[in-house]
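Here's the structure, in C-alpha cells; my notes come after.
Please read all numbers here as calculations on a predicted model, not as lab measurements. We count residues from 1, following the sequence as given.
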Amino acid sequence: MIHGYVIRKELESDVFVGNALIDVYSNCADLRLSRSVFDTMKERDVVSWTALVSAYMDGGHMDEAKEIFRSMQLNGVKPDLISWNAVVSGFARNGEIGLALLSLEEMQERGLKPRVNSWNGIISGCVQNGYFKDALDAFSNMLCFPEDPNFVTIASILPACADLKDLNLGRAVHGYAIKCELYKNIHVEGSLIDMYSKCGWTDYAEQVFVKAENQNTAMWNEMIAAYVNKGKMKKAVELLRLMENDGLRPDVITYNTLLAGNARNGEKKEAYDLLSEMVRMGFKPDIVSFNVLISGFQQSGLSYEALKLFRTMQSNDRFLNQALILSTRPNSITVYWCSCSLC
C-alpha cells in the first residue's frame with residue numbers, strides 16, 4: 001500500500017524513500033522486493049547499499065551479501081562503520097565467526113576502528129550459534145583493544161558464562177558491570193538471573209531479581225525457570241501468582257516452563273490443570289507445550305501418559321478440540337520422545 005502510494009506520487013526516485021522501502025521489505029523477509037526497489041533507484045548512497053547487504057545477511061545469503069558489498073566499493077561508494085558492522089554481525093549471526101573476525105581486521109586495515117557495536121555483533125553471534133568460548137575470546141579482545149562494553153555487551157556475554165557453567169567468570173562479569181554501572185538494566189539483570197540459575201546459585205539469582213527496579217515478563221520467566229530447574233515447583237507457581245498480582249501478564253513461555261517442570265516431576269494432574277488455565281487465559285498452547293509434556297512424562301516414567309497425549313494430538317479428541325482449541329501437529333522432537341516411550 002505504501003509502496004503503491006510512493007509510485008503514484010512519483011517519489012520512488014527519492015533516495016531516502018527508497019532506503020526506507022528496502023528496509024521495510026527486508027524486515028518482512030521479502031528479499032525480492034528489497035532488491036527490486038534497490039535496482040530501480042536512480043540514486044543510491046551508502047545507506048542504500050548497507051540496507052541491501054543487511055537484507056541478504058538477515059536472509060542467510062552470505063555469498064550474495066559479500067558480492068553486494070564488493071559491488072558497492074566497485075561503484076565508488078566507500079563503506080562506513082555501519083556498513084562494516086552489517087557485514088561483521090551478519091557473518092557472526094550466520095555462524096561464520098572466522099569470516100566475521102577477518103572482516104573486523106579488514107575494516108581496521110581500511111582505516112576504520114571497530115566500535116562497541118562491532119564487537120557486540122561478534123559476541124552475540126557467537127552466543128546465538130553456541131560458540132561460547134569464541135564469545136569469551138571476543139569479549140577479552142574487546143577489553144584489550146581497548147573498547148568499553150555497554151549494556152548490550154554484558155547482556156550478551158553472560159549467557160556464554162551460563163552455558164559453560166563458568167560461575168567464576170560470570171561473577172567477574174557481574175562485578176565488572178557493577179564497577180562500570182552497567183548492571184541496572186533489565187536485559188543485564190535478566191541475563192544475571194539466568195547465569196546464576198544455570199550455575200546452581202538460585203539464591204543469588206533471587207537476590208538479583210528482588211533488587212531489580214523494573215521487572216518485565218521475561219525477567220519473571222527467568223526466575224520461574226530458576227525454581228523449575230531446581231525442582232522447586234511450589235515456589236515457581238507462587239511466583240506465577242505474584243507476577244499476576246503485580247499486574248504482569250504471563251505469556252506462553254511462562255506456562256511452557258511450568259508445564260515442563262510438572263511433567264518432569266511426574267505431576268500429571270498439575271500439568272493438565274495448568275494447561276487448562278493456559279487456555280482460559282487466552283493462550284494457545286504450541287508444539288513446545290506438547291513436547292515438554294511428552295518428554296517430561298517420558299522422563300518421569302509416565303510413558304503411557306506420553307503416548308496417550310501423542311495419540312490425542314493426532315485425533316479429533318473432544319479434549320483437544322474444546323479444551324485446547326488447538327491445531328498443533330507433532331514434529332520430529334515429539335516423535336523422538338514418543339519413540340523413547342516405546343522402549
Side-chain angles (χ1 to χ4, degrees), residues 1-126 128 138 142 145 147-153 155-156 187:
M1 184 174 72
I2 296 174
H3 195 176
Y5 176 84
V6 167
I7 293 171
R8 287 196 304 275
K9 296 296 181 179
E10 299 182 347
L11 296 172
E12 66 267 31
S13 61
D14 188 300
V15 67
F16 299 106
V17 173
N19 293 345
L21 285 171
I22 293 171
D23 190 54
V24 166
Y25 286 128
S26 171
N27 290 333
C28 294
D30 196 327
L31 274 178
R32 184 183 63 81
L33 285 175
S34 285
R35 186 65 196 239
S36 176
V37 171
F38 179 84
D39 288 341
T40 56
M41 289 173 69
K42 294 177 182 177
E43 180 187 350
R44 302 166 188 147
D45 58 13
V46 65
V47 177
S48 318
W49 288 93
T50 301
L52 195 64
V53 169
S54 295
Y56 275 86
M57 282 294 190
D58 289 345
H61 304 286
M62 289 174 285
D63 289 339
E64 292 89 338
K66 280 194 292 184
E67 183 57 32
I68 293 165
F69 191 64
R70 189 179 71 85
S71 297
M72 171 185 185
Q73 296 167 79
L74 290 175
N75 277 272
V77 179
K78 185 178 180 181
D80 59 13
L81 181 63
I82 297 173
S83 308
W84 280 103
N85 284 350
V87 172
V88 170
S89 63
F91 280 136
R93 278 198 313 277
N94 284 287
E96 294 290 347
I97 308 305
L99 289 175
L101 292 170
L102 283 174
S103 299
L104 196 72
E105 290 178 10
E106 189 179 346
M107 70 184 285
Q108 293 175 71
E109 292 169 1
R110 301 288 184 90
L112 280 172
K113 178 186 175 183
R115 302 307 299 267
V116 63
N117 288 343
S118 315
W119 293 101
N120 286 349
I122 292 180
I123 291 168
S124 62
C126 287
Q128 288 167 24
M142 177 185 185
F145 188 69
E147 182 66 42
D148 292 333
N150 60 10
F151 294 115
V152 176
T153 320
S156 298
H187 302 294

Checklist entry - Which pair of non-hydrogen atoms, one from K113 and one from L81, has the smallest distance, and what is that distance? => result O-CD1, 3.7 Å
Checklist entry - Could you go step by step and tell me if M41 and I22 meet the side-chain contact (heavy atoms from CB on, under 4.5 Å) rule? => result CA-CA 10 Å; M41 289 173 69; I22 293 171; 3.8 Å; yes
Checklist entry - Less than 4.5 Å apart, any side-chain heavy atom of D148 and any of V116? => result no
Item to check | For the student: nearest non-hydrogen atoms of P79 and V46, plus distance | outcome: CA-CG2, 4.4 Å
Next on the checklist: Under the criterion ring-ring contact (aromatic ring centres under 6.0 Å, His included), I'd like the reasoning laid out for W49 against F38: C-alpha separation, chi angles, the key distance, then a yes or no.
Outcome noted: CA-CA 8 Å; W49 288 93; F38 179 84; 4.9 Å; yes
Next on the checklist: Could you report the tightest heavy-atom contact between S54 and A86, atom names first, then the distance?
Outcome noted: OG-CB, 3.4 Å
Checklist entry - So, do Y56 and E67 sit near enough that their side-chain heavy atoms are less than 4.5 Å apart? => result no
Checklist entry - Would R35 and L52 satisfy side-chain contact (heavy atoms from CB on, under 4.5 Å), going step by step from the backbone distance to the final call? => result CA-CA 7 Å; R35 186 65 196 239; L52 195 64; 3.8 Å; yes
Checklist entry - With a cut-off of 6.0 Å (strictly less than), are more than 12 heavy atoms of other residues, nucleotides or ligands near CD1 of I82? => result no
Checklist entry - E147 versus N120: any side-chain heavy-atom pair under 4.5 Å? => result no
Item to check | Neighbour count >12 (heavy atoms, 6.0 Å) for atom NE2, H187 | outcome: no
Checklist entry - Do you know which two heavy atoms are closest between P114 and F145, and how far apart they sit? => result CD-CZ, 3.6 Å
Checklist entry - Are the side chains of F91 and K66 in touch, meaning some heavy atoms are under 4.5 Å apart? => result yes
